Structure formats: structure tokens, C-alpha cells
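Computed from a predicted structure; not experimentally measured. One-based numbering along the sequence shown.
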Amino acid sequence: MNSPSLWAPLGRSFRAVRDYPRRSPLTLAYVCLLLVSHAWVGHGLSSDRAADVLGHLSTNLDNLHDHPLSALLGSVLFFDGTLTDVTSVEFGGTLITLGLGVCCFLAWAERRWGKRCAVAVFLGGHVVATLLTAVVITVALRHGWYPAALRHALDYGVSYGAQTVLALGTLALPRRGRLPWAAFVLAWPLGGVEWNGPLPDFITTGHLVAAALGFGLLGVPAFRRQRVRATGPSPAASDSEPHREPAAEPTSPPAGTKTPSSVSEY
């Protein structure tokens with residue numbers, strides 16, 4: 001067995017972890033913020049106070065009508081999941097959204113296209129998926145497919161933005177792995193789906209909408225190009241310039257040397 005082939009993946013993983021703060025600083029800061037906010041509402045506040053904070057930042061219909069900006073931006077500062085109950089379904093969702101979506105694929109987007117584009121994709125997916133899901137909820141309430149209590153249900157977290165970058169992250173995979181990955185991105189929200197008439201529950205709907213947004217970005221030419229950093233002329237460009245030696249000054253022949261009156265060119 002070839003030992004270098006065994007150590008190569010470990011070496012790449014070590015370099016990825018080592019270079020993570022340098023190559024994805026914004027994602028790292030965001031992950032730290034999410035962990036701090038999760039600990040704050042879970043352990044730093046009383047149960048009632050935590051419920052009040054999360055209830056105010058929830059992106060339900062009532063909050064989107066009363067204070068849409070603080071609800072949309074505030075809800076993305078927390079993640080809805082668990083880090084301790086490793087045998088629960090919620091922990092699996094945390095691994096997918098926080099682990100894969102934010103820690104891995106948001107960091108990849110930051111490295112590939114830069115901070116501004118990564119924020120635009122993540123936050124745009126969160127906002128647009130939330131607003132489109134609110135439209136679906138409004139229509140479903142009118143037809144009696146969703147319960148009326150859904151107007152003020154608790155709904156917060158990073159999962160819509162994470163789902164968008166998970167779908168866009170299809171570009172990060174080799175071609176043979178893209179179709180299975182796309183199937184996984186669409187399938188995992190359906191694991192605990194509850195149907196309400198012709199529609200799945202609003203959380204599943206939101207994740208499918210966010211995935212559709214991410215897959216839609218795959219067709220945008222700008223997202224199929226990697227960011228080019230301006231670092232000055234490259235060595236290859238310098239080598240491509242012809243090298244000109246300084247012209248030699250004419251010298252007088254030594255005394256007594258005969259000078260031909262003409263030179264023939266062959």
C-alpha cells in the first residue's frame with residue numbers, strides 16, 4: 001500500500017484548517033458569532049427572556065408586517081438546532097446547515113468570490129426565501145391549508161441562507177458528484193415533512209425555495225468564474241516581454257587594423 005496516498009488527504013485537511021482563518025475570515029467571525037448567540041439564549045438568559053428575544057426576531061407574518069428589517073436581519077444571527085444532543089434529528093440538521101452550509105460552503109464562497117459576494121448570496125438567499133415563503137403562507141392561510149396560529153409561529157435561523165450556498169456549492173464538486181449532491185440538497189428537508197393539503201409544511205417549503213435560488217445562480221455566468229485577484233504583473237507576463245539588451249556603443253578598431261569597406265549579408 002502506498003503510504004503517501006494515505007497521508008495526502010490528511011495533509012490537505014490540515015492545510016485547509018490551518019489556512020481557514022486567513023482565507024475565510026468573515027465566515028470564521030460569523031461562526032463565532034452564531035456560537036456566542038446560541039450560548040447566550042441557551043444559557044445566559046432565562047427561558048422566558050430567551051423566548052421573548054427569539055419571538056421578536058422570528059420571521060413570521062406578524063413580525064414581517066410590524067418590523068420586517070429587524071426580523072429579517074436579526075433572525076440570521078441565531079441558529080435553530082442543538083450541539084449537544086448528538087442522537088437527535090435536530091443535531092443532524094445542525095450538521096447540515098451550520099456545519100456544511102456555513103462552515104464549509106459559505107467559507108468556500110468567500111474564498112472563490114470574495115466577502116461581498118458571499119454575503120450577498122447567503123443573506124440574499126435568506127431574505128428572498130423568507131419573503132417568498134411568507135407569500136406561500138399567506139395563500140395557504142386563505143385556503144385553510146395552514147393553521148391560523150402560523151401567523152406568529154417561531155421561525156428563525158440560518159438554514160435558508162445555508163441551503164442557498166449548499167445548492168450553489170454544487171460548483172465546488174467534481175462533475176460526477178454534482179447530481180448526487182443536488183439530490184441530497186433537495187431531499188434532506190423532506191425527511192420530516194408534514195403535508196398540509198397540497199403543500200408541505202412551511203419550513204420544508206422555505207428550504208426548497210432556498211435551494212431553488214441557489215441552483216438558479218448556477219446559470220449566472222459570473223458565478224461560474226473564479227475571482228481574479230490583482231497582484232501586479234505575473235512572472236509569466238514579464239517573461240513574455242521581449243528582453244532588449246542595451247545597444248553597444250561603436251568602438252574604434254585598434255591601430256593598424258584594416259577595416260572592410262563593406263559587409264555582405266547572407
Exercise. For residues Val158 and Leu34, determine if any side-chain heavy atom of one lies less than 4.5 Å from a side-chain heavy atom of the other.
Key: yes

Quiz item: Looking only at heavy atoms, what is the nearest atom pair of Ala71 and Ser58, with distance?
Solution: CB-O, 3.7 Å

Quiz item: According to a 4.5 Å side-chain heavy-atom criterion applied to Ile, Leu, Val, Met, Phe, Trp and Tyr, with indirect links allowed, do Phe184 and Leu179 form part of one hydrophobic cluster?
Solution: no

Quiz item: With no hydrogens and no angle check, is any side-chain donor or acceptor of Asn60 less than 3.5 Å from a backbone partner on Ala153?
Solution: yes

Quiz item: Under the ring-ring contact (aromatic ring centres under 6.0 Å, His included) criterion, do Tyr30 and Phe122 qualify, and how do the steps go?
Solution: CA-CA 12 Å; Tyr30 182 48; Phe122 186 85; 5.6 Å; yes

Quiz item: Do Cys117 and Glu110 come close enough that some side-chain heavy atom pair is under 4.5 Å?
Solution: no

Quiz item: Okay, side chain of Trp181, backbone of Leu166: is any donor-acceptor separation there less than 3.5 Å?
Solution: yes

Quiz item: Under the side-chain hydrogen bond (donor to acceptor under 3.5 Å, both in side chains) test, which residues partner Thr59, sequence neighbours left out?
Solution: Asp155

Quiz item: Got a sec, which residues hit salt bridge (charged side-chain N to carboxylate O under 4.0 Å, His left out) with Arg178, two or more places apart in sequence or on another chain?
Solution: none

Quiz prompt | Sequence neighbours excluded, every pair satisfying side-chain hydrogen bond (donor to acceptor under 3.5 Å, both in side chains) that has a member inside residues 134-146 | solution = none

Quiz prompt | Pair His126, Ser75: side-chain N/O donor-acceptor within cut-off below 3.5 Å | solution = yes

Exercise. Heavy atoms only: give me the nearest Gly55-Asn63 pair and the separation to one decimal.
Key: O-ND2, 2.7 Å

Quiz prompt | Qualifying side-chain hydrogen bond (donor to acceptor under 3.5 Å, both in side chains) pairs, either residue in residues 191-215, two or more places apart | solution = Ser159-His207, Asp201-Thr204

Side-chain atoms of residues 96-109: list all donor-acceptor pairs with protein atoms under 3.5 Å, sequence neighbours left out, distances to 0.1 Å.
residue: Thr97; atom: OG1; partner: Gly93; partner atom: O; Å: 2.8

Quiz item: Considering residues at least two apart in sequence or located in another chain, which fulfil the side-chain hydrogen bond (donor to acceptor under 3.5 Å, both in side chains) criterion with Thr94?
Solution: none

Quiz item: Passes side-chain contact (heavy atoms from CB on, under 4.5 Å), Val127 versus Leu131? Steps please.
Solution: CA-CA 6 Å; Val127 171; Leu131 295 179; 3.9 Å; yes

Check residues 208-219 and write down every donor-acceptor pair under 3.5 Å in which the side-chain atom is one partner and the other belongs to a residue at least two apart or another chain.
none

Self-check item: Residue list, side-chain hydrogen bond (donor to acceptor under 3.5 Å, both in side chains) with Trp188, at least two apart or on another chain
Solution: Gln163

Self-check item: All salt bridge (charged side-chain N to carboxylate O under 4.0 Å, His left out) counterparts of Asp62, not counting sequence neighbours
Solution: Arg151

Quiz item: Can you name the closest pair of heavy atoms from Thr133 and Ala129 and give their distance?
Solution: OG1-O, 2.6 Å

Quiz prompt | 4.5 Å side-chain heavy-atom contact, Tyr20 and Thr27 | solution = yes

Exercise. With rounding to the nearest 0.5 Å, note down the distance linking CZ in Phe78 to OG in Ser37.
Key: 5.0 Å

Quiz item: Do the side chains of Leu199 and Val135 join up, straight or via other hydrophobic residues, at under 4.5 Å, putting them in one cluster?
Solution: no

Quiz prompt | Straight-line distance of Leu33 CG to Trp40 CH2, nearest 0.5 Å | solution = 11.0 Å

Exercise. Working to the nearest 0.5 Å, report the span between CZ of Phe202 and CG of Leu141.
Key: 10.5 Å

Practice problem: Give a yes or no on whether the backbone of Arg111 and the side-chain of Ser24 come within a donor-acceptor separation of less than 3.5 Å. | Solution: no

Quiz item: Are side-chain N/O atoms of Thr82 and Glu90 paired as donor and acceptor at under 3.5 Å?
Solution: no

Quiz item: Does Leu61 belong to the same Ile/Leu/Val/Met/Phe/Trp/Tyr cluster as Ile203, with side-chain heavy atoms less than 4.5 Å apart forming each link?
Solution: yes

Exercise. Check whether any side-chain heavy atom of Leu73 sits under 4.5 Å from a side-chain heavy atom of Leu123, and report yes or no.
Key: yes

Self-check item: Nearest heavy atoms of Pro200 and Val193, plus distance in Å
Solution: CB-CG2, 3.5 Å

Practice problem: Only counting residues at least two apart or in another chain, list the ones meeting ring-ring contact (aromatic ring centres under 6.0 Å, His included) with His67. | Solution: His56

Practice problem: Measure the CG-CG distance between Leu57 and Leu77 for me, rounded to the nearest 0.5 Å. | Solution: 7.5 Å

Self-check item: Same cluster (ILVMFWY, side-chain, under 4.5 Å), Val31 and Val36
Solution: no

Quiz item: Would you say the side chain of Leu35 lies within less than 4.5 Å of the side chain of His38, judging by non-hydrogen atoms?
Solution: no

Self-check item: Sequence neighbours excluded, every pair satisfying salt bridge (Lys or Arg N to Asp or Glu O under 4.0 Å) that has a member inside residues 37-54
Solution: none

Quiz item: How many angstroms lie between atom CZ of Arg23 and atom CZ of Arg112, to the nearest 0.5 angstrom?
Solution: 12.0 Å

Self-check item: From Thr170 atom OG1 to Leu168 atom CG, the distance as rounded to the nearest 0.5 Å
Solution: 7.5 Å

Quiz item: Are Val121 and Tyr160 connected in the hydrophobic side-chain network, where two residues link if heavy atoms are under 4.5 Å apart?
Solution: no

Quiz item: Crowded around Arg116 CZ? As in, over 12 foreign heavy atoms under 6.0 Å?
Solution: no

Practice problem: Give the ring-plane orientation class for Phe223 versus Trp113, where under 30° counts as parallel, over 60° as perpendicular and anything between as tilted. | Solution: perpendicular

Practice problem: Please name all residues satisfying salt bridge (charged side-chain N to carboxylate O under 4.0 Å, His left out) with Asp85, sequence neighbours left out, ordered by chain then number. | Solution: none

